[in-house]
Amino acid sequence: MAEKVLLIDDEVEFLEALSERMEIRGMEVTTAENADSAVSAINSGDFDAIVLDLQMPDMNGIDMLKVIRKTNPDMQVILLTGQATLEAGIQAMKLGAMDFMEKP
């Protein structure tokens, strides 16, 4: 059975490129471009992992991670950012993020 992954990022081109690469590797990928569609996907889907952008216009990744933790406390979440800071990384890990990575 393929791993089910939710990708959340406001950069459409990045979502398309990453989801294509993951699908080539046999993963089942769902994408969300904003907080509303991400919350809907989280509530209606059963994912093995979530890859989440830190900087989004409608809700930042830390706040989204808090929402995810309320409904899915054991969910594996990886935060991605183009503007990594030590403080954000520490906060993400304290909230239970599995990893905090810089975007390529």
Side-chain angles (χ1 to χ4, degrees):
M1 178 153 71
E3 293 90 1
K4 293 177 67 176
V5 179
L6 174 61
L7 301 179
I8 306 169
D9 197 309
D10 61 312
E11 295 178 41
V12 177
E13 297 83 17
F14 181 78
L15 272 181
E16 290 172 354
L18 187 56
S19 64
E20 183 178 312
R21 293 182 74 124
M22 294 175 101
E23 287 169 349
I24 288 170
R25 288 166 175 77
M27 296 177 194
E28 184 179 323
V29 180
T30 301
T31 61
E33 299 173 21
N34 57 52
D36 288 339
S37 60
V39 170
S40 293
I42 291 165
N43 290 336
S44 64
D46 182 29
F47 300 100
D48 298 305
I50 297 174
V51 179
L52 169 63
D53 185 22
L54 181 65
Q55 296 296 327
M56 295 186 298
D58 53 348
M59 179 185 290
N60 71 42
I62 297 296
D63 290 336
M64 180 61 69
L65 179 57
K66 291 176 184 176
V67 169
I68 293 166
R69 286 286 166 243
K70 285 181 184 175
T71 57
N72 300 286
D74 297 325
M75 177 62 63
Q76 294 186 36
V77 179
I78 299 169
L79 266 90
L80 294 178
T81 184
Q83 303 123 4
T85 65
L86 181 60
E87 293 82 18
I90 291 170
Q91 186 176 12
M93 299 308 273
K94 283 183 178 180
L95 289 170
M98 187 175 105
D99 205 347
F100 185 81
M101 301 171 63
E102 197 160 355
K103 283 183 179 179

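Computed from a prediction, not measured in an experiment: that's the story for all the values here.
With rounding to the nearest 0.5 Å, the separation of CD1 in I68 from CE in M64 is 6.0 Å. Remark: L7 CG to L18 CG distance equals 5.0 Å, nearest 0.5 Å.
Side-chain N or O atoms of R25 include one that pairs as donor or acceptor with a backbone N or O of R21 at under 3.5 Å.
For A32, the side chain to side chain contact (heavy atoms under 4.5 Å, CB included) partners are L6, I8, S37, A38, not counting sequence neighbours. Residues passing the side-chain hydrogen bond (donor to acceptor under 3.5 Å, both in side chains) test with S40: none are found, sequence neighbours excluded.
Counting only residues at least two apart or in different chains, salt bridge (charged side-chain N to carboxylate O under 4.0 Å, His left out) contacts with residues 7-16 comprise D9-K103, E11-K103. Counting only residues at least two apart or in different chains, side chain to side chain donor-acceptor pair (under 3.5 Å) contacts with residues 69-78 are absent. For residues 27-51, the set of pairs meeting the salt bridge (charged side-chain N to carboxylate O under 4.0 Å, His left out) definition, not counting sequence neighbours, is empty.
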I'd like a table of donor-acceptor pairs (distance under 3.5 Å, sequence neighbours excluded) in which one partner is a side-chain atom from residues 49-60, with atom names and distances.
| residue | atom | partner | partner atom | Å |
| --- | --- | --- | --- | --- |
| D58 | OD2 | A35 | N | 2.7 |
| N60 | OD1 | I62 | N | 3.0 |
| N60 | OD1 | D63 | N | 2.8 |

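What you find for V5 and F47 is that their closest heavy atoms are C-CD2, 3.8 Å. Heavy atoms only, all atoms of each residue included: T31 and S19 are closest at CG2-CB, 4.0 Å.
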